[in-house]
Engineer: 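Sharing a structure below in structure tokens format, with a few things to ask.
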Amino acid sequence: MEVPMSLNHSPETHSKLIARVPDITGRALPEWFQAIDNGPSFLRCDERANWLADEHGLTHGYAAAIVHEHERRRRHHF
């Protein structure tokens with residue numbers, strides 16, 4: 001049975017995951033944000049994280065962290 005991945009990592013865990021994204025994935029965060037923006041327009045963050053993980057072969061932990069960071073930055077920029 002698969003345990004649902006929470007998008008709410010602790011702030012410390014989230015920061016560590018985000019810092020490792022370029023090394024682990026070979027792509028910088030702006031590239032991932034662009035992939036999310038150009039991907040299917042899911043309403044829910046967990047749907048975006050699942051799509052990102054499935055489409056790009058990421059673990060759900062990294063996909064969730066990228067989606068969460070994307071949302072966080074969008075909220076602060078608009």
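Throughout, numbering of the chain's residues begins at 1 and tracks the sequence.
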Engineer: Give me each pair satisfying salt bridge (charged side-chain N to carboxylate O under 4.0 Å, His left out) with a member in residues 57-69, each pair once, sequence neighbours excluded.
Structural biologist: E69-R72, E69-R73
Engineer: Taking only residues two or more places apart in sequence or in another chain, which ones pass side chain to side chain contact (heavy atoms under 4.5 Å, CB included) with T13?
Structural biologist: H9, S10, L17
Engineer: With sequence neighbours left out, write down each residue that passes side chain to side chain contact (heavy atoms under 4.5 Å, CB included) with P40, or none if nothing qualifies.
Structural biologist: F42, W51
Engineer: Only counting residues at least two apart or in another chain, list the ones meeting salt bridge (Lys or Arg N to Asp or Glu O under 4.0 Å) with E55.
Structural biologist: none
Engineer: Restricting to non-hydrogen atoms, name the atom on A49 and the atom on H60 that form the minimum distance, rounded to 0.1 Å.
Structural biologist: O-ND1, 4.4 Å
Engineer: What distance separates L52 CG from E47 CD, expressed to the nearest 0.5 Å?
Structural biologist: 13.5 Å
Engineer: Excluding sequence neighbours, so at least two apart, what forms side chain to side chain contact (heavy atoms under 4.5 Å, CB included) with A28?
Structural biologist: P30, E31
Engineer: Just jot down the side-chain hydrogen bond (donor to acceptor under 3.5 Å, both in side chains) partners of Q34, sequence neighbours excluded, or say none.
Structural biologist: none
Engineer: Take W32 and L58 through the side-chain contact (heavy atoms from CB on, under 4.5 Å) test and state the conclusion after the steps.
Structural biologist: CA-CA 11 Å; W32 288 116; L58 297 174; 3.9 Å; yes
Engineer: Using every non-hydrogen atom in the two residues, find where F33 and I66 come nearest and quote the distance to one decimal.
Structural biologist: CE2-O, 3.7 Å
Engineer: My understanding is that only residues two or more places apart in sequence, or in another chain, count here; which of them pass side-chain hydrogen bond (donor to acceptor under 3.5 Å, both in side chains) with D23?
Structural biologist: none
Engineer: For S15, check side-chain hydrogen bond (donor to acceptor under 3.5 Å, both in side chains) against everything at least two apart and list the hits.
Structural biologist: none
Engineer: With a 4.5 Å heavy-atom cut-off, do C45 and E71 have their side chains touching?
Structural biologist: yes
Engineer: Please name the pair of heavy atoms, one in A35 and one in H56, separated by the smallest distance, quoted to 0.1 Å.
Structural biologist: CB-NE2, 4.2 Å
Engineer: For R20, give me all partners under salt bridge (Lys or Arg N to Asp or Glu O under 4.0 Å), at least two apart in sequence or on another chain.
Structural biologist: none
